[in-house]
Amino acid sequence: METTNAETTRRSFDAAFGGEPDVIGSAPGRVNLIGEHTDYNGGQVLPLAIDRRTWVAMRATSGDASRIISDDRSAPAEFDARKIARSGQWWDYMTGVFAAFGSSDVRLPQVEAIVTSDLPTGSGLSSSAALEVATAITLARLVRYGETFRDLAMMSWRVETEFVGVSSGVMDQFASALGERCHALHLWCDTLETEQVKMSEAVLIFDTNLPRSLRGSQFNQRQRECEEALRLLRERDPNLRNLASATPEQVRAAKLPGTLEKRALHVAEENLRVEKLVESLKESGAVDGELLYQSHESLRSLYECSTPELDWFVDRAKEIRGVRGARLTGAGWGGCAIAVGDRGALDAARPQLAGDYRSRFGIDARTWLTHAESGARLEGEWEGEAPRK
């Protein structure tokens with residue numbers, strides 16, 4: 001199978017539409033080292049961009065309609081770039097970007113575009129954010145829209161929350177847009193302050209191959225539970241900025257209803273774990289694996305977003321010599337887990353883990369080693385024209 005990259009994307013565009021694209025942009029997926037379900041609660045997160053990407057090749061056309069083709073054999077999209085309506089289809093993540101540009105008084109042309117990717121969808125690696133960000137930087141270059149990558153990340157986040165309708169935080173789009181090679185992105189989701197933290201360790205991604213959609217999961221329910229927990233906590237402390245700023249002691253003292261207390265405790269304690277892991281990386285250059293195990297247990301028992309398959313992987317990872325820590329990554333309810341440790345140990349463990357997983361669950365897992373990679377970029381001849389990050 002041919003490797004997906006900017007050149008294969010260009011060739012696919014030529015085969016589909018005849019001729020060259022005006023611009024090609026790409027953006028990566030992400031894994032989150034720690035800080036799960038803290039982003040939409042105003043907390044801290046520590047994601048990194050990975051070496052799996054989505055490419056968008058695009059050119060302006062003089063026709064009356066726009067057309068987008070995906071290389072995964074999804075149905076093609078046809079739409080009016082100047083009159084966007086939500087469809088409930090995969091291309092909403094792209095057409096929502098067009099709608100956002102249009103609301104900024106940018107005169108949009110009709111376009112022809114093709115999407116290629118080696119990033120699995122529905123696995124918790126933020127394929128939707130990668131598609132939004134790749135579309136945003138490509139369209140920005142096409143129409144000479146001079147916003148920074150940070151601005152385009154915020155625009156992409158609004159597309160996800162307001163146009164697509166998934167109530168997520170800003171982490172995914174920021175990691176995809178602003179990631180740097182060999183660094184994790186420490187992001188304060190309430191202030192949008194960021195810092196790059198050196199992170200050169202290998203990460204094993206274990207895709208349980210249990211597809212899930214945030215639109216159909218309990219994700220939005222968890223957000224509502226967190227909002228209610230915050231409302232009750234503010235009855236005791238009206239100055240509480242957000243749920244992540246609450247201390248575990250404050251949560252316990254509030255005597256919240258059982259489910260709400262569990263959700264709030266996870267957020268409060270997970271926020272502290274992010275701070276501790278950043279300290280660990282700065283001091284030793286290594287991930288404190290025990291914090292990853294603590295995070296997973298909290299997601300399993302307090303936030304209740306794990307699955308037997310994800311739990312199985314984390315338990316098995318503990319038995320592997322050379323693995324320091326493991327946990328689910330992404331929202332949960334399926335998708336992926338990660339393990340961090342010695343590259344050789346992780347690589348050697350992959351076939352055994354996949355075989356044991358199939359024996360236990362009858363499902364073929366997907367695994368690969370990754371590392372912190374660069375974020376969004378314009379490709380080829382346009383590479384030097386990207387907006388500031």
Side-chain angles (χ1 to χ4, degrees), residues 31-47 122-126 166-169 171-172 189 206-233 242-274 277 290-318 325-339 357 360-361 363 365:
V31 293
N32 190 23
L33 284 177
I34 202 162
E36 220 64 76
H37 294 286
T38 53
D39 57 344
Y40 55 86
N41 287 301
Q44 301 172 55
V45 292
L46 191 65
S123 297
L125 299 178
S126 296
V166 176
S167 299
S168 60
M171 173 181 67
D172 295 350
C189 296
F206 188 90
D207 183 355
T208 62
N209 212 5
L210 294 172
R212 53 100 181 107
S213 167
L214 294 190
R215 286 198 253 195
S217 74
Q218 298 179 62
F219 185 89
N220 288 348
Q221 178 186 339
R222 290 295 184 277
Q223 187 181 50
R224 290 190 295 271
E225 291 166 346
C226 288
E227 289 170 350
E228 178 63 10
L230 177 59
R231 185 188 69 80
L232 294 174
L233 286 168
N242 48 55
L243 188 57
S245 65
T247 66
E249 292 75 21
Q250 280 179 294
V251 173
R252 293 188 182 95
K255 304 296 183 183
L256 300 175
T259 296
L260 300 186
E261 181 181 75
K262 289 197 294 185
R263 308 302 187 243
L265 268 179
H266 166 74
V267 172
E269 292 173 346
E270 184 80 348
N271 202 51
L272 296 176
R273 283 189 284 267
V274 176
L277 189 55
E290 183 56 34
L291 292 170
L292 302 189
Y293 290 129
Q294 291 173 13
S295 174
H296 182 82
E297 177 56 28
S298 181
L299 290 162
R300 185 191 68 79
S301 61
L302 296 180
Y303 222 74
E304 298 178 290
C305 63
S306 189
T307 66
E309 294 82 0
L310 290 165
D311 295 340
W312 175 90
F313 171 79
V314 173
D315 289 341
R316 281 286 284 110
K318 288 180 181 178
R327 70 177 197 93
L328 72 83
T329 189
W333 297 288
C336 291
I338 59 170
Y357 181 75
R360 173 67 176 82
F361 297 103
I363 302 172

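One-based numbering along the sequence shown.
- No side-chain heavy atom of Thr38 sits under 4.5 Å from any side-chain heavy atom of Gln44.
- Summarising the geometry, atom CG belonging to Leu46 is positioned 11.0 Å from atom CG belonging to Leu291; distances are rounded to the nearest 0.5 Å.
- One distance of note links OG of Ser295 with CZ of Arg300; it measures 12.5 Å at 0.5 Å rounding.
- Between Glu297 and Arg273 no salt bridge is recorded (no basic side-chain N to carboxylate O distance below 4.0 Å).
- For the atom pair Phe313 CZ and Ile338 CD1, the distance stands at 8.5 Å (nearest 0.5 Å).
- At a threshold of 4.5 Å between non-hydrogen side-chain atoms, the residues Cys336 and Val31 do not count as touching.
- A pairwise comparison of heavy atoms in Val267 and Ala244 identifies CG1-CA, 3.7 Å as the closest pair.
- Between Ala365 and Tyr357, the shortest heavy-atom contact is CB-CD2, 3.5 Å.
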Exercise. Salt bridge (Lys or Arg N to Asp or Glu O under 4.0 Å) between Glu228 and Arg231: does it pass, once the steps are laid out?
Worked result: CA-CA 5 Å; Glu228 178 63 10; Arg231 185 188 69 80; 2.7 Å; yes

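- Asn32 contributes no side-chain N or O that, together with a main-chain N or O of Thr329, makes up a donor-acceptor pair within less than 3.5 Å.
- Asp311 is listed as a side-chain neighbour of His296, based on a closest heavy-atom distance under 4.5 Å.
- The distance from atom OG1 of Thr247 to atom CD of Glu269, rounded to the nearest 0.5 Å, is 10.0 Å.
- When side chains are defined from C-beta on, Ser306 does not count as touching Val314, because their heavy atoms never get closer than 4.5 Å.
- The heavy-atom pair separating Tyr303 from Cys226 by the smallest distance is OH-SG, 3.1 Å.
- Distance check: His266 NE2 to Ser301 OG gives 9.5 Å after rounding to the nearest 0.5 Å.
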Problem set entry | Chi angles and distances behind the side-chain contact (heavy atoms from CB on, under 4.5 Å) call for Val274, Val45 | CA-CA 6 Å; Val274 176; Val45 292; 5.6 Å; no

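- Pro257 and Leu232 make their closest contact through CD-CD1, 3.9 Å (heavy atoms, listed as atom of the first residue, atom of the second, distance).
- Nearest approach of Ala268 to Ala246, heavy atoms of both residues: CB-O, 3.3 Å.
- Between the side chain of Thr208 and the main chain of Gly335, a donor-acceptor pair closer than 3.5 Å is present.
- Not one N or O on the side chain of Arg263 forms a donor-acceptor pair closer than 3.5 Å with the backbone of Gln223.
- To the nearest 0.5 angstrom, Glu304 atom CD is 6.0 Å from Arg222 atom CZ.
- Residues His37 and Glu270 have side chains not in contact (no heavy-atom distance under 4.5 Å, counting atoms from C-beta outward).
- Ring geometry for Phe206 against Trp312 counts as tilted: the plane angle lies between 30° and 60°, on a 0 to 90° scale.
- Within the 4.5 Å cutoff, the side chain of Leu292 has heavy atoms near those of the Leu277 side chain.
- When all heavy atoms of Leu265 and Pro248 are compared, the closest pair comes out as CD2-O, 3.9 Å.
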